[in-house]
2 protein chains.
Amino acid sequence: MQLNCILFIMNTYKTILNNTGLKATKSRLGILEILKKQQKPLDVTEIAHQLAAKKISPDHVTIYRILEAFQKRKIVQRVELGEGKFRYELARNDHHHLICKKCGTIQDTPSCPVGKMKKMILQKQHFLVERHALEFFGLCKQCQSL
Amino acid sequence: MQLNCILFIMNTYKTILNNTGLKATKSRLGILEILKKQQKPLDVTEIAHQLAAKKISPDHVTIYRILEAFQKRKIVQRVELGEGKFRYELARNDHHHLICKKCGTIQDTPSCPVGKMKKMILQKQHFLVERHALEFFGLCKQCQSL
DNA sequence: TTAGGTGCAAAAGTTTTGCAAACTA
DNA sequence: TAGTTTGCAAAACTTTTGCACCTAA
């Protein structure tokens, strides 16, 4: 990555942070960069490792606190993929995950049929859906032929 | 609950257990009864409490092991509802949960639009979906008017 | 300067593991 | 009796909390 690109990103993220009332610290910028680059949600340990590769080594507690602050401001969202721990990704619109039970790869899927369902739930069960979690578990392309 | 009913249930569950190669112990039968009666998935602490009410007090470790054995045999299924812990319910066909963010009630919803989506995912992304998790978070009927 | 952020130590909560004793079939 | 199942002790792992020190704005 070139210097001007780094600076561009840092300015962007700095702006995001300042606009939401957060100070732009190394750890926070680092976490945003890492999550941005990532195509799959990361857990705290993975985030810590990737930060370390950037020569940033905050305490795990700090990472948790940063992620909590980001979550509160809808910058990131927390997901559970059946592992007994949380993963984090930059907040995006409806998209869901395809988790391979063999190799563990996590890929995205953009389509979401749930919109219609929300209306039905409101009509029939009078429950007002605000958000939903939808995850798929199965076999990715490669693993189907192994 | 009447005596003959209790016996009926115990026989039924005993049969289930024996048929899957599990011995019918008090804790196992108790857990099955509790999950059967329940309309929502329970976590281990809740199961322990409800067992205690039945004068059955196994160690938490035992409950975890029983639930693991049940899961392996598809008698129960484990779900995550964004709490950082697992909940367990008797295995059933596609149905999903409506979790109220205010009062915490958990109700079922029977409809599931995901079947169609699975086909699309296979066609477009070559991922073979085996199972999926779909949970809804929002406001139940009562809490909408508070 | 100061409100906000971080590190350290400790703890809380959930889940797992190993081994010896107890129990079901 | 034999193979399962359970209890106890301990630990692994994830996440949270409190307080003193530090830092970005």
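This is a predicted model, so every value here is computed, not measured. Naming convention: chains lettered A, B, ... in sequence-line order (proteins, then strands); numbering from 1 in each chain.
- Within the structure, a side-chain polar atom (N or O) of B/Tyr64 is placed less than 4.0 Å from OP1 or OP2 of C/dT15.
- Spacing between atom NZ of A/Lys72 and atom P of C/dG5 amounts to 11 Å, rounded to whole angstrom units.
- A centroid separation of 6.0 Å or more is found between the aromatic rings of A/His132 and B/His97.
- You'll find that the side chain of B/Val44 is closest to C/dT15, out of C/dT15, D/dA25, C/dA25.
- Counting to the nearest Å, the P atom of C/dG5 and the CD atom of A/Glu68 are 12 Å from each other.
- Residue-level contact check: A/Lys85 touches the backbone only, with heavy atoms under 4.0 Å from sugar-phosphate atoms and none from bases.
- Two residues, B/Ala24 and B/Tyr88, neighbour DNA chain C, and the one matched to the more 5' nucleotide by heavy-atom proximity is B/Tyr88.
- Rounded to a whole Å, the CD1 atom of A/Ile63 is 16 Å from the P atom of C/dG5.
- Checking D/dT6, C/dG5, D/dT4 against the side-chain heavy atoms of B/Ile66 singles out D/dT6 as nearest.
- Under a 4.0 Å N-O distance rule, the pair B/Glu80/B/Lys85 does not qualify as a salt bridge.
- For A/Ser27 and C/dG5, the shortest distance from a side-chain N or O to OP1 or OP2 is not below 4.0 Å.
- Taking atom CZ of residue B/Phe70 and atom C1' of nucleotide D/dT4, one finds them 14 Å apart after rounding to whole Å.
- For B/Arg87 (side chain) and B/Arg78 (main-chain N/O), no donor-acceptor pair under 3.5 Å exists by modelled atom type.
- Between B/Gly21 and A/Phe86, the residue whose closest nucleotide on DNA chain D is further toward the 5' end is B/Gly21.
- Cluster annotation: B/Leu139 is not connected to A/Val114 through the hydrophobic network of ILVMFWY side chains, with a link wherever side-chain heavy atoms come within less than 4.5 Å.
- In the set C/dA25, C/dG7, D/dT14, the nucleotide with an atom closest to the side chain of A/Thr45 is D/dT14.
- Atom CG of A/Asp59 and atom C1' of C/dG7 are 6 Å apart (whole Å).
- Proximity of B/Thr25 to the phosphate of D/dT6: a side-chain N or O atom is located under 4.0 Å from OP1 or OP2.
- Put simply, the side chain of B/Phe70 does not reach to within 4.5 Å of the side chain of B/Ile16, judged on heavy atoms.
- Between A/Leu17 atom CG and C/dT6 atom P there is a gap of 10 Å when expressed in whole angstrom units.
- When heavy atoms are screened at a 4.0 angstrom cut-off, A/Asn18 is found touching the sugar-phosphate backbone but no base atom.
- In terms of modelled atom types and a separation under 3.5 Å, the side chain of B/Glu46 and the main chain of B/Asp43 share a donor-acceptor contact.
- Within the nucleic acid shown, B/Ala69 has no heavy atom closer than 4.0 Å to any nucleic acid atom.
- The CD1 atom of A/Ile47 sits 13 Å away from the C1' atom of D/dT14 (whole-angstrom rounding).
- Relative to the side chain of A/Arg28, the nucleotides D/dA24, D/dG7, C/dT6 differ in distance, and C/dT6 lies closest.
- Atom CD in B/Glu46 sits roughly 15 Å away from atom P in C/dG13 (whole-Å rounding).
- Side-chain nitrogen and oxygen atoms of B/Thr62 include at least one within less than 4.0 Å of the OP1 or OP2 phosphate oxygen of D/dG7.
- For B/Gly84 and B/Lys26, each mapped to the nucleotide of DNA chain C holding its nearest heavy atom, the one lying further toward the 5' end belongs to B/Gly84.
- Applying the 4.0 Å criterion to OP1 and OP2 of C/dG5, one finds that A/Arg65 has every side-chain N and O outside that range.
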